[in-house]
K.L.:
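This is the structure I have questions about; it appears just below.
Atoms within each ligand, like the ligands themselves, are counted from 1 in listed order.
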Amino acid sequence: MYIAGDEEIAAIAAAIRGKALFRYGVGNQCERFEQRYAAYLGVRHFALAASGSNALAAAMTAVGLGPGDEVLIPAHTYMASATSVLAVGAIPVIVDIDESVTIDPRALEEAIGPRTRAVVPVHMWGAACAMDAIMEIAARRNLIVIEDACQGVGGGHEGRKFGSIGHIGAFSFNYYKNMTSGEGGGVAVNDERIAKRVRCAIDPCHFYWNGRDETEMPFAGNGARASELMGAMLNVQLDRLDFMIQAMRAEKRNILQRTAQLGNIGLKPAPMNSPDHDCATQVMYTLPSADAAARFVKIVPSVIAGKTGRHTYTEWDQILLGAGAAHPAMNPYNMPANAACRRTYSKDMCARSLEILNRTVMVATHPEHGEQDTADVIHNIAIAARVALAGLPLAEADLRRTAPVDVQKFDMPADA
Ligand SMILES: Cc1ncc(COP(=O)(O)O)c(C=O)c1O
């Protein structure tokens, strides 16, 4: 959570005092947010859900993915990108990332097989995927593009907001995201028929409250309806979003400008796909080696992208184990319809991604950092780079105390 305070408390209190906690016929906070956020993204429809995982599964359901389909996902993402593919009965195929820590378009194209129907570009850590290349490949190879914008709230690729560029986009509003209601998520889409299917996937009973719509056949699904408390908080958070993103972009620019000369000793900014438009929640550097990255993160509060303990395919137990569902008959890995899909994984299958991730470090920005906070971060990055890359003895490192970093966001190991 970045910023939340009296305004959020007042909005939630008003929903409780008004006894308006149900989104249909009682409250109007969810509906108001959906309309405002759709306009913010520049899409026709936005549907709130209980989580980003639900939103991804609803998006995949709505576009018609199912058994027999392969979906390409990057080697570096939160496991929900992959489990949501399994939730609709399809099979995730894991693809290398590049130094932007997002899916490598060349690897994506090489990975397309006869069963591949969709790809999930994930704007990881708020950094943009190479959307122009991805959309071009998708158009040429007839793939559905489901943007996982769970970590990309408020960011964009060039002039367009994340989640509005592909055929459909999914967001998370959990505690760690740029806009939060504790938990929450939602789906952005332009196509009206798909939007109806999304709403059915999120709440198969929604027509009891909203009225039946004879133009679209309902189907069964698991409920993931949003609460008015969520809508109330998100309406306030949306008002903060642009200020926050602008502040983080300014801090990132400042840090990158004032650490540029450290490129001489090997501290290079990671190549970003849309550096002026992404979320700027991190400043990412690619170092020459994993050892140098390990030395760097010991000195400055930062994390190695490949060592968060949960964001790389080697940590996705259920995928690696082929445990695609609780009941064996519902497990996509066992389904005859998936017999021709690629269903095996190994921990070294994306060795190139691991090599990149283990030498990529991230320093978090924060919208409330003042000039002195940023100056302290820059000072410490320079010291860490000299220790990690130029042999400065640790005893001579004159570090400054910096604003605390939310370590759980990255699941940093205790000794990091
Ligand atoms: C890239 C990505 N996809 C999906 C999700 C799932 O979102 P949620 O935790 O709201 O279910 C997350 C959450 O951390 C995420 O980071």
Side-chain angles (χ1 to χ4, degrees), residues 1-2 33 37 46-61 71-88 92 94-95 97 100-103 118-129 131 134 145-155 157 162-163 165-166 168-188 198 201-202 222-227 229-231 233-234 237 278-279 281-282 284 303 305-306 308-313 315-316 318-319 353 357 362 364 406-411:
M1 183 171 72
Y2 285 95
F33 176 78
Y37 196 50
F46 188 82
L48 275 167
S51 72
S53 307
N54 291 136
L56 275 168
M60 296 196 194
T61 304
V71 179
L72 306 181
I73 56 156
H76 184 62
T77 177
Y78 190 65
M79 188 171 58
S81 314
T83 53
S84 55
V85 174
L86 292 164
V88 300
I94 302 173
V95 175
I97 52 107
S100 71
V101 306
T102 65
I103 197 162
V119 57
V120 183
V122 184
H123 304 293
M124 213 38 204
W125 309 110
C129 295
M131 290 311 294
I134 293 168
V145 178
I146 298 148
E147 274 182 274
D148 181 338
C150 289
Q151 297 196 8
V153 176
H157 179 274
F162 293 151
I165 307 165
I168 194 162
F171 291 84
S172 168
F173 303 125
N174 82 22
Y175 176 76
Y176 294 107
K177 303 305 190 255
N178 299 342
M179 190 162 65
T180 186
S181 43
E183 298 288 353
V187 180
V198 166
I202 290 171
N222 228 344
R225 193 171 48 230
S227 120
L229 297 178
M230 182 191 291
M233 181 151 177
L234 288 174
Q237 290 268 294
D278 65 15
C279 299
T281 42
Q282 323 290 326
M284 285 191 212
V303 67
T308 66
R310 61 174 180 268
H311 294 102
T312 302
Y313 71 97
E315 313 283 350
W316 303 343
Q318 289 93 318
I319 309 296
S353 300
L357 291 165
M362 303 187 291
D406 186 349
V407 289
Q408 194 181 297
K409 176 168 180 173
F410 306 108
D411 204 15

K.L.:
Does the E147 side chain pair with the main chain of I165, one donor and one acceptor, at a distance under 3.5 Å?
P.N.:
yes
K.L.:
Under the side chain to side chain contact (heavy atoms under 4.5 Å, CB included) rule, collect the residues that match up with A82, sequence neighbours excluded.
P.N.:
I73, P92, W316, I319
K.L.:
Please report the shortest heavy-atom distance between A80 and L56, naming the atom on each side.
P.N.:
O-CD1, 3.9 Å
K.L.:
Should the pair Y78 and H311 be assigned to parallel (<30°), tilted (30 to 60°) or perpendicular (>60°) ring geometry?
P.N.:
tilted
K.L.:
What's the shortest heavy-atom distance between Q151 and K177, and which atoms?
P.N.:
CG-CE, 4.1 Å
K.L.:
How are the rings of F173 and F46 set to each other: parallel, tilted or perpendicular (split at 30° and 60°)?
P.N.:
tilted
K.L.:
Identify, chain by chain and in numerical order, each protein residue with a heavy atom under 4.0 Å from an atom of ligand 1.
P.N.:
S51, G52, S53, L56, T77, Y78, A80, S81, V122, D148, C150, Q151, S172, N174, K177, G184
